[in-house]
Q: 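Provided herewith is a single structure, encoded as structure tokens, for subsequent inquiry.
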There are 2 protein chains.
Amino acid sequence: MKRDSRLSGVLHVLLHMAEHRAPMTSEQLAKAMQTNPVVIRRILGGLRDAGFVHSEKGHGGGWTIARDLAAITMRDVYDAIGRPKLMAMGNRTEAPGCLVEQAVNAALDPAFRDAEALLLARFAAVTLAELAADFQARMAARPPHIKDHHHG
Amino acid sequence: MKRDSRLSGVLHVLLHMAEHRAPMTSEQLAKAMQTNPVVIRRILGGLRDAGFVHSEKGHGGGWTIARDLAAITMRDVYDAIGRPKLMAMGNRTEAPGCLVEQAVNAALDPAFRDAEALLLARFAAVTLAELAADFQARMAARPPHIKDHHHG
DNA sequence: TTTCATGTAACTTTAAATAGTGCGTGATGA
DNA sequence: TCATCACGCACTATTTAAAGTTACATGAAA
């Protein structure tokens with residue numbers, strides 16, 4: 001299994017956009033994330049459709065955040081990127097005819113459902129504004145001669 | 001990402017063994033699970049090392065359960081198969097230098113940790129004896145003219 | 001009208017789980 | 001003894017989904 005890092009990735013991108021108070025191009029964001037511009041456009045596509053970010057073509061174009069950061073939760077972002085799977089395990093077969101399988105699924109399913117519900121509730125409890133504030137705090141805690149937060 | 005179904009699978013196998021009160025060969029179990037005998041041996045290997053099942057070579061050999069079903073929890077089984085990943089998502093990078101990434105990870109990590117803890121607690125609360133009882137209840141609830149629970 | 005930037009589709013690459021093959025080892029029993 | 005059975009293990013192959021890449025169309029700005 002390759003681990004899905006879209007949620008982590010898009011949150012990262014959004015915070016970078018929030019720092020940079022002007023439109024950022026896919027290329028700039030891709031450089032910061034060490035990935036490909038198309039990956040950025042894909043990942044931000046869902047957020048555009050959901051109205052969280054805005055994109056502009058042509059000169060001076062790029063991506064901007066379309067809402068107050070305090071009005072966007074991690075849950076919103078998760079939903080906007082298409083609610084990817086949260087759990088790494090699943091049932092061997094859905095809708096099994098085998099009664100043994102049914103008994104196993106009946107034991108596992110509610111546990112997974114509750115864990116997912118917990119996770120989503122946690123996501124809903126954190127806004128991007130809080131993430132940005134945490135980032136600012138980390139900046140402030142840094143040795144004073146370091147002036148920026150660029151990547152290697 | 002391919003979804004891990006080892007836990008579901010091994011629970012299934014164990015219940016089948018519990019039903020059948022004589023050694024079952026990898027081949028028999030593989031037929032019931034519609035998979036390959038080697039897959040069964042692999043999946044049961046960890047449980048043998050943990051002392052939950054016993055394997056015997058040669059004529060009349062095969063797999064047997066080595067403990068009281070009431071003394072084995074789903075958590076024990078999860079541990080015995082090597083504690084596979086529970087969460088389908090991860091951080092883009094561990095140990096990031098980027099402060100933005102650090103802020104994102106700091107928000108996501110505790111949520112994932114808590115969800116995993118919840119899941120493991122749920123696993124620990126269910127014994128194989130309970131699963132077997134649930135299976136028996138399902139058998140009893142079936143139309144009476146159906147005499148076995150074999151697979152297609 | 002040239003340049004820049006997104007939008008999107010198609011394709012390739014990569015990582016991880018799962019499946020399968022072949023052969024070695026040990027136990028049974030004729 | 002020796003043929004057969006069943007597990008043990010190393011190795012390879014397949015499959016699936018994410019991530020990356022290429023190519024080109026569209027539309028905005030200079």
Side-chain angles (χ1 to χ4, degrees), chain A residues 1-10 12-13 17 20 22-50 53-64 66 78 81-94, chain B residues 1-10 12-13 17 20 22-31 33-49 53-64 66 78 81-94:
Chain A
M1 175 208 302
K2 202 176 201 171
R3 202 128 171 185
D4 187 335
S5 66
R6 277 176 293 178
L7 179 58
S8 171
V10 74
H12 191 149
V13 166
M17 287 167 61
H20 194 279
M24 287 189 79
T25 67
S26 308
E27 191 144 7
Q28 290 175 303
L29 291 167
K31 186 158 284 181
M33 303 266 306
Q34 315 194 73
T35 182
N36 191 291
V38 177
V39 174
I40 300 291
R41 297 204 273 264
R42 253 202 303 258
I43 206 173
L44 287 181
L47 277 94
R48 179 191 56 233
D49 298 343
V53 301
H54 175 72
S55 64
E56 196 87 34
K57 289 181 177 177
H59 283 276
W63 299 88
T64 47
Y78 170 75
I81 62 177
R83 301 183 188 173
K85 268 200 323 263
L86 293 171
M87 298 294 143
M89 330 188 124
N91 294 328
R92 242 172 36 85
T93 56
E94 307 304 324
Chain B
M1 174 207 305
K2 199 176 206 170
R3 202 131 173 183
D4 187 335
S5 66
R6 277 175 294 176
L7 180 58
S8 172
V10 74
H12 191 149
V13 167
M17 286 167 61
H20 194 280
M24 287 189 79
T25 68
S26 309
E27 192 143 7
Q28 289 175 305
L29 291 167
K31 187 158 281 183
M33 304 268 305
Q34 316 194 69
T35 183
N36 191 291
V38 177
V39 173
I40 300 292
R41 291 186 203 133
R42 252 201 304 262
I43 207 173
L44 287 181
L47 277 94
R48 180 190 53 232
D49 297 343
V53 300
H54 175 72
S55 64
E56 197 86 34
K57 289 182 177 178
H59 283 276
W63 299 89
T64 46
Y78 170 75
I81 62 176
R83 301 183 188 175
K85 267 200 323 263
L86 293 171
M87 298 295 143
M89 331 189 124
N91 295 327
R92 240 173 39 83
T93 57
E94 307 304 324

Q: To the nearest Å, give me how far apart CD (A:Gln34) and C1' (D:dT21) are.
A: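 Distance check: A:Gln34 CD to D:dT21 C1' gives 17 Å.
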Q: Below 4.5 Å, heavy atoms only, C-beta onward: do A:Leu47 and A:Val13 meet side chain to side chain?
A: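 Sidechains of A:Val13 and A:Leu47: no contact.
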Q: Does A:Val39 or B:Gly60 map to a spot on DNA chain D nearer the 5' end, using the closest nucleotide for each?
A: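 Result: B:Gly60.
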Q: Rounded off to whole Å, could you give me the NE2-to-P distance for the B:His12 and C:dT18 pair?
A: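 My rounded result for the distance is 16 Å.
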Q: Under 4.0 Å from OP1 or OP2 of C:dG7: is there any side-chain N or O of A:Ser55 that close?
A: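 For C:dG7, OP1/OP2 do have a side-chain N/O of A:Ser55 under 4.0 Å.
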Q: Would a 4.5 Å heavy-atom cut-off, applied to side chains only, mark A:Arg6 and B:Met89 as touching?
A: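 Result no, sub-4.5 Å side-chain heavy-atom pair not found.
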Q: With sequence neighbours left out, write down each residue that passes salt bridge (charged side-chain N to carboxylate O under 4.0 Å, His left out) with A:Arg83, or none if nothing qualifies.
A: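 In terms of salt bridge (charged side-chain N to carboxylate O under 4.0 Å, His left out), with neighbours along the sequence ignored, A:Arg83 is linked to A:Asp79.
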Q: Could you check how far CG of A:Leu29 sits from P of C:dG7, rounded to whole Å?
A: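 A:Leu29 atom CG is separated from C:dG7 atom P by 12 Å.
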Q: Indicate whether OP1 or OP2 belonging to D:dA6 is found under 4.0 Å from a side-chain N or O atom of B:Ser26.
A: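 Checking D:dA6 against B:Ser26, no side-chain N or O comes under 4.0 Å of OP1 or OP2.
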Q: Nearest whole Å is fine: how far is D:dG8 P from B:Ile43 CD1?
A: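 So the CD1-P distance, B:Ile43 to D:dG8, works out to 14 Å.
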Q: Just so I know, are the side chains of A:Glu56 and A:Thr64 near enough to count as touching, which here means a heavy-atom distance under 4.5 Å?
A: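 With C-beta onward as the side chain, the pair stays apart.
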Q: Rounded to the nearest Å, what distance is computed from the CZ atom of residue A:Arg3 to the C1' atom of nucleotide D:dA17?
A: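 These atoms are roughly 15 Å apart.
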Q: Rounded off to whole Å, could you give me the CD-to-P distance for the B:Glu27 and D:dG8 pair?
A: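 Roughly 15 Å, once rounded to whole Å.
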Q: Between B:Thr25 and D:dA6, is there a contact of a side-chain N or O with OP1 or OP2 at under 4.0 Å?
A: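 So the side chain of B:Thr25 is outside the cut-off, no N or O lying under 4.0 Å from OP1 or OP2 of D:dA6.
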Q: Side chain of A:Arg48 only, heavy atoms from C-beta on: which candidate in C:dA5, C:dG7, C:dA17 is closest?
A: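 Between C:dA5, C:dG7, C:dA17, the one nearest the side chain of A:Arg48 would be C:dG7.
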Q: In whole angstrom, what separates B:Ile40's CD1 from C:dG20's C1'?
A: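 My rounded result for the distance is 13 Å.
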Q: Among C:dT3, D:dC5, D:dC7, find the nucleotide with the atom closest to the side chain of B:His59.
A: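 Of all the options, the side chain of B:His59 is nearest to D:dC5.
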Q: With heavy-atom distances below 4.5 Å as the criterion, would you say the side chains of B:Arg48 and B:His54 are in contact?
A: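 The answer is no, as the side chains (C-beta and beyond) never meet within the 4.5 Å cut-off.
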Q: Is there a side-chain contact between B:Tyr78 and B:Leu86 (heavy atoms, below 4.5 Å)?
A: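 Sidechains of B:Leu86 and B:Tyr78: in contact.
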Q: Any chance you could measure A:Ser8, atom OG, to A:Met33, atom CE, to the nearest 0.5 Å?
A: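 So the gap between those two atoms works out to 7.0 Å.
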Q: Would you tabulate the pairs of protein nitrogen or oxygen atoms and nucleotide nitrogen or oxygen atoms of nucleotides 21-25 of chain C closer than 3.5 angstrom?
A:
{"unit_1": "C:dT25", "atom_1": "O2", "unit_2": "B:Lys57", "atom_2": "NZ", "d": "3.2"}

Q: Does B:Ser5 place a side-chain N or O at less than 4.0 Å from the phosphate oxygens OP1/OP2 of C:dA17?
A: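 Answer is no, no contact under 4.0 Å.
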Q: Could you check A:Glu56 against B:Pro37 and say which one's nearest nucleotide on DNA chain D is further toward the 5' end?
A: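 Its nearest nucleotide being more 5', the pick is B:Pro37.
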Q: From CG of A:Leu86 over to P of D:dA18, roughly how many Å is that when rounded to an integer?
A: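 So the two atoms are 12 Å apart, to the nearest Å.
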